[in-house]
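Residue indices begin at 1 and follow the sequence shown. Since this is a predicted model, take the numbers as computed values, not measurements.
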Amino acid sequence: MTARIAYADIETGTELPAAVFPVTRETLVRYAGASGDFNPIHWNEKFAKAVGLPDVIAHGMFTMAEAVRVVTDWAGDPAAVVEYGVRFTKPVVVPNDDEGARIEVSATVAAKLDDEARTVRVDLVARSAGQKVLGMARAVVRLA
């Protein structure tokens, strides 16, 4: 696979299609099984509250992975992302109900970095319950 977006067709300020990712307790259990991260703050409400959290919270790496899906879906190839980093600013609190939480992600091409390498920097904003959950979320993407 290669990126389906052509570098020449992109301008600084281009907005990527936004997305909303639902997160339920079941999602967290499945992620824990896949990642091997069974920290009880991600599945045990009593434990999470005992350590000062408002409720069970999503795994940071899960939140990070969901957010970058906006970029990989836009580029058309997960391998097009050559760098990705975030700062975790707030947890995604996942209540034990039928709705769970939502991670709302938007992204913008912030800079064209290298014409020869056809790379751009994409800045992401991820929110849950009205709060920014990732800071300095940036991906470098190699385009077609």
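Evaluated for a side chain to side chain contact (heavy atoms under 4.5 Å, CB included) with Val92, the options Val56, Thr63, Leu134 yield exactly one hit, Thr63. A side chain to side chain contact (heavy atoms under 4.5 Å, CB included) with Leu16 is found for exactly one of Asp73, Val105, Val70, namely Val70.
Distance alone, capped at 3.5 Å, places no donor-acceptor pair between the Thr119 side chain and the Leu113 backbone. For Tyr84 (side chain) and Met64 (main-chain N/O), a donor-acceptor pair under 3.5 Å exists by modelled atom type. Checking side-chain atoms of Trp43 against main-chain N and O of Phe38 turns up a donor-acceptor pair under 3.5 Å. In this structure a side-chain-to-backbone donor-acceptor pair under 3.5 Å is missing from Thr108 to Thr14. Counting only distance, with no hydrogens or angles, the side chain of Arg118 and the backbone of Leu143 share a donor-acceptor pair below 3.5 Å. Between the side chain of Lys112 and the main chain of Ile10, a donor-acceptor pair closer than 3.5 Å is present.
Expressed to the nearest 0.5 Å, how far CG of Asp123 lies from CE of Met136 amounts to 8.0 Å. Separation of atoms CD (Glu15) and CH2 (Trp74) is listed at 12.0 Å; rounding is to 0.5 Å. How far CD1 of Ile5 is from CG of Asp77: 11.5 Å, rounded to the nearest 0.5 Å. Expressed to the nearest 0.5 Å, how far CG of Leu28 lies from CG of Asp37 amounts to 10.0 Å.
Residue Gln131 comes nearest to Lys90 through the heavy atom pair OE1-CD, 3.9 Å, listed as atom of the first residue, atom of the second, then distance. Closest non-hydrogen pair, Ala3 versus Arg142, comes out as CB-O, 3.5 Å. The two residues Ala58 and Val23 have their closest heavy-atom pair at CB-CG1, 4.4 Å. Across all their heavy atoms, Pro91 and Ile57 have their closest contact at CB-CG2, 3.6 Å. In terms of heavy-atom proximity, Asn96 sits nearest to Asp55 at N-OD2, 4.5 Å. When every heavy atom of Ile103 is checked against every heavy atom of Ala126, the shortest pair comes out as CG2-CB, 4.4 Å.
Under the 4.5 Å side-chain heavy-atom criterion for grouping Ile, Leu, Val, Met, Phe, Trp and Tyr, Tyr7 is connected to Val109 within one hydrophobic cluster.
Enclosure of atom CZ in Arg25 by more than 12 non-hydrogen atoms of other residues, nucleotides or ligands within 6.0 angstrom is indicated. More than 12 heavy atoms of other shown residues, nucleotides or ligands fall within 6.0 angstrom of atom CZ in Arg138. A 6.0 Å sphere centred on CZ of Arg30 holds no more than 12 heavy atoms belonging to other residues, nucleotides or ligands.
The aromatic rings of His59 and His42 sit parallel to each other, their planes meeting at less than 30°, with 60° as the upper class boundary.
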